[in-house]
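Data block below; observations after.
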Amino acid sequence: MTAGASGPLSCRSCGHTDLNTILSLGHTPLANALLRADQTDEPEKTYPLDLAFCPHCCLVQITETVPPELLFSDYPYLSSFSETMLRHAEELVTRLIRDRGLCGPESRVVEIASNDGYLLQYYKRANIEVLGVEPAANVAAVAERNQISTIKEFFTEELAKQLPRADVVHAHNVLAHVPDLNGFVRGLKTVMKDDGIAIIEVPYVKEMLDCCEFDTIYHEHLSYFSLTALSNLFTRNKLNINSVERLPIHGGTLRIYVSHNDNPDPSVQSVLQDETDWGVRDLSFYTDFSDKVEGLRKELVGLLQKLKNQNRRIAVYGASAKGSTLLNYCHIGSETLDYVVDRSTVKQGLYTPGMHLQIHAPEKLLADMPDYVLLLTWNFADEILEQQSEYRRRGGRFIIPIPSVKVI
């Protein structure tokens, strides 16, 4: 059944009202709303999933806002199940401790959307004071079992006023989830010490468009950022982006370094100029995305149908949010796919939204030896292919759907 949700009457960042729709993925269930077996015969709520561009501040955004309490109060994603995420976090923390001169309990780090403490644990090991803010009670409980102090609330401007000020504030893969972008940034400004720094990571909209990463679009991801859009947002709220890095993780990520002081290094102007050159402000840059997505859908569905016609058995790796978008948009379900495997014990035994495929542990691949595995967590392909080397040695093959369909 179709559910109502409140859509922005204006841009989430700058408030202008003339948004341009650039892609519609139809009505889909919430990407992380995994089901128990007894729920699979019940009607599922679905919500419109449409993508729009603001020509005034360049923010790309979806047009619906599902209440955050429905999305995040009980959350099935634990970052620590990914070795790639753990390495990513440890490398960054090691560098920041060195470069910022963080030392012992007199230094303090706050992470917004701290998940299960996957990042803060590395500061804690260095005897640095840490505090996580994580609204998902089930995830926060995991962090607290690991001795990571965690506030179980959504980060807001008001909450920021109650928090201790920090030398370093992390906000990784959370800004895209925030309905009130300006309030969130003002909260960052409040919680940072005068000489503090905030490190923010967001999926990069250019990679999403160039590599046809439409599965990054789901109801939790309200916004899709260029550096231009980020610069407009932070400048409006009197904070400064002083450095930027482009990272390959998650299919393309921007990491920005934000402070009260305005002292940008050359990386900021370089990326802003690159974005001007590729047309970040021009609607025409975004308008062919819909055709690219539909072309990829036809190619993937065609390949899977061909394999099924040859009586091949196909499983899925990754009960991810991005996987939910792909399966529901492409209408690929049990008529084509046998089951899903995922390393997360939180997800095992449940069923995927919309398509209702049962989720098993990855060990099932070796026990069952399907002919092919559709890799929906393609952003962790290197890690997963290495983990599944024995399955591949025995003749199993992976289908990677994005950025283009290929079999390996």
Side-chain angles (χ1 to χ4, degrees), residues 13-14 57 89 91-114 117 119-135 148-151 153-178 180-202 225 227-245 247 253-272:
S13 181
C14 71
C57 72
E91 290 169 1
L92 176 60
V93 168
T94 300
R95 174 152 60 93
L96 284 167
I97 290 174
R98 181 192 67 229
D99 293 351
R100 302 291 298 179
L102 304 179
C103 182
E106 62 269 24
S107 298
R108 182 183 296 276
V109 176
V110 170
E111 184 178 15
I112 303 163
S114 50
L119 182 144
L120 290 179
Q121 65 177 325
Y122 298 112
Y123 285 111
K124 189 173 179 62
R125 290 178 190 177
N127 199 34
I128 292 167
E129 195 73 20
V130 300
L131 178 65
V133 180
E134 173 53 59
I148 303 296
S149 297
T150 305
I151 295 175
E153 295 184 35
F154 289 98
F155 181 79
T156 63
E157 186 177 3
E158 287 305 308
L159 178 62
K161 296 173 183 176
Q162 305 170 35
L163 300 179
R165 299 183 78 196
D167 299 278
V168 176
V169 181
H170 287 275
H172 296 203
N173 299 301
V174 61
L175 193 61
H177 299 175
V178 173
D180 180 10
L181 290 172
N182 295 291
F184 186 95
V185 174
R186 289 193 297 268
L188 282 179
K189 183 178 177 66
T190 298
V191 80
M192 291 163 54
K193 290 182 178 179
D194 291 344
D195 60 349
I197 188 171
I199 297 94
I200 299 159
E201 293 186 6
V202 295
F225 294 99
L227 186 61
T228 301
L230 288 167
S231 180
N232 288 329
L233 170 63
F234 281 88
T235 299
R236 184 183 312 117
N237 291 287
K238 298 180 172 56
L239 281 177
N240 302 285
I241 299 173
N242 286 321
S243 187
V244 59
E245 298 170 357
L247 308 172
T253 289
L254 284 183
R255 175 191 285 161
I256 60 172
Y257 297 80
V258 175
S259 74
H260 298 281
N261 302 316
D262 186 10
N263 187 28
D265 69 24
S267 65
V268 177
Q269 185 55 42
S270 176
V271 174
L272 289 174

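This one's a predicted model, so the numbers in the text were calculated from it and none came from an experiment.
Between Leu188 and Thr190 there is no side-chain heavy-atom pair separated by less than 4.5 Å. The side-chain heavy atoms of Val191 and Leu159, taken from C-beta on, include no pair separated by under 4.5 Å. You'll find the side chain of His172 reaches within 4.5 Å of the side chain of Leu92, heavy atoms only. Side-chain contact between Val169 and Val109 is absent, with no heavy atoms from C-beta onward closer than 4.5 Å. Considering only heavy atoms from C-beta on, Phe184 stays 4.5 Å or farther from Thr156 through its side chain. Between Phe155 and Val178, every side-chain heavy-atom pair lies at or beyond the 4.5 Å cut-off. Residues Val202 and Leu230 are in side-chain contact: their nearest non-hydrogen atoms beyond the backbone lie under 4.5 Å apart.
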For the pair Arg255 and Ser243, evaluate side chain to side chain donor-acceptor pair (under 3.5 Å) and give the outcome as yes or no after the intermediate values. CA-CA 8 Å; Arg255 175 191 285 161; Ser243 187; over 6 Å; no

How far apart are the C-alpha atoms of Glu106 and Lys193, what are their side-chain angles, what is the distance that settles it, and do they pass the salt bridge (charged side-chain N to carboxylate O under 4.0 Å, His left out) test? CA-CA 13 Å; Glu106 62 269 24; Lys193 290 182 178 179; over 6 Å; no

Could you check Leu119 against Val93 for side-chain contact (heavy atoms from CB on, under 4.5 Å), going step by step and ending with a plain yes or no? CA-CA 8 Å; Leu119 182 144; Val93 168; 3.9 Å; yes

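No side-chain donor from either of Asn261 and Ser259 sits under 3.5 Å from a side-chain acceptor of the other. A donor atom on one side chain and an acceptor atom on the other are not found under 3.5 Å apart for Arg100 and Ser107. Between the side chains of Asn263 and Asn242, no donor N or O sits under 3.5 Å from an acceptor N or O.
A salt bridge is absent between Asp167 and Arg108; no separation between the charged side-chain nitrogens and carboxylate oxygens falls under 4.0 Å. The residues Glu129 and Arg165 are annotated as not salt-bridged, no charged nitrogen and carboxylate oxygen being separated by less than 4.0 angstrom.
From Glu158, atom CD reaches atom CD of Glu153 across 11.5 Å, with rounding to the nearest 0.5 Å. Remark: Cys103 SG to Ile128 CD1 distance equals 7.5 Å, nearest 0.5 Å. Between atom CZ of residue Arg95 and atom CZ of residue Arg98 there is a gap of 7.5 Å, rounded to the nearest 0.5 Å. How far CD of Glu157 is from CG of Asp180: 7.5 Å, rounded to the nearest 0.5 Å. Remark: Glu134 CD to Phe154 CZ distance equals 8.5 Å, nearest 0.5 Å. Taking CG from Leu181 and SG from Cys14, the interatomic distance works out to 10.5 Å, rounded to the nearest 0.5 Å.
Side-chain N or O atoms of Thr253 include none that pairs as donor or acceptor with a backbone N or O of Leu247 at under 3.5 Å. A donor-acceptor pair is defined here as one N or O able to donate and one able to accept, closer than 3.5 Å; no such pair exists between the side chain of Ser270 and the backbone of Pro266. Checking side-chain atoms of Lys189 against main-chain N and O of Lys238 turns up a donor-acceptor pair under 3.5 Å. Asn232 places a side-chain N or O within 3.5 Å of a backbone atom of Cys57 that can act as its donor or acceptor partner. Using a distance-only test at 3.5 Å, with no hydrogens or angles considered, no donor-acceptor pair links the side chain of Ser114 to the main chain of Ile112.
Within the 6.0 Å centre-distance limit, the rings of Tyr123 and His170 are counted as a close aromatic pair.
Applying side chain to side chain contact (heavy atoms under 4.5 Å, CB included) to Ile241 and the options Leu227, Leu233, Ile200 leaves one that passes, Leu227.
What you find for Asn240 and His260 is that their closest heavy atoms are ND2-O, 2.8 Å. The nearest pair of heavy atoms linking Gly117 to Ile148 is CA-CG1, 4.2 Å. Looking at every heavy atom in both residues, Leu254 comes nearest to Phe225 through CD1-O, 4.4 Å. Closest non-hydrogen pair, Tyr122 versus Ile97, comes out as O-CD1, 4.5 Å. Residues Val110 and Ala166 come closest through the heavy atom pair CG2-CB, 3.8 Å.
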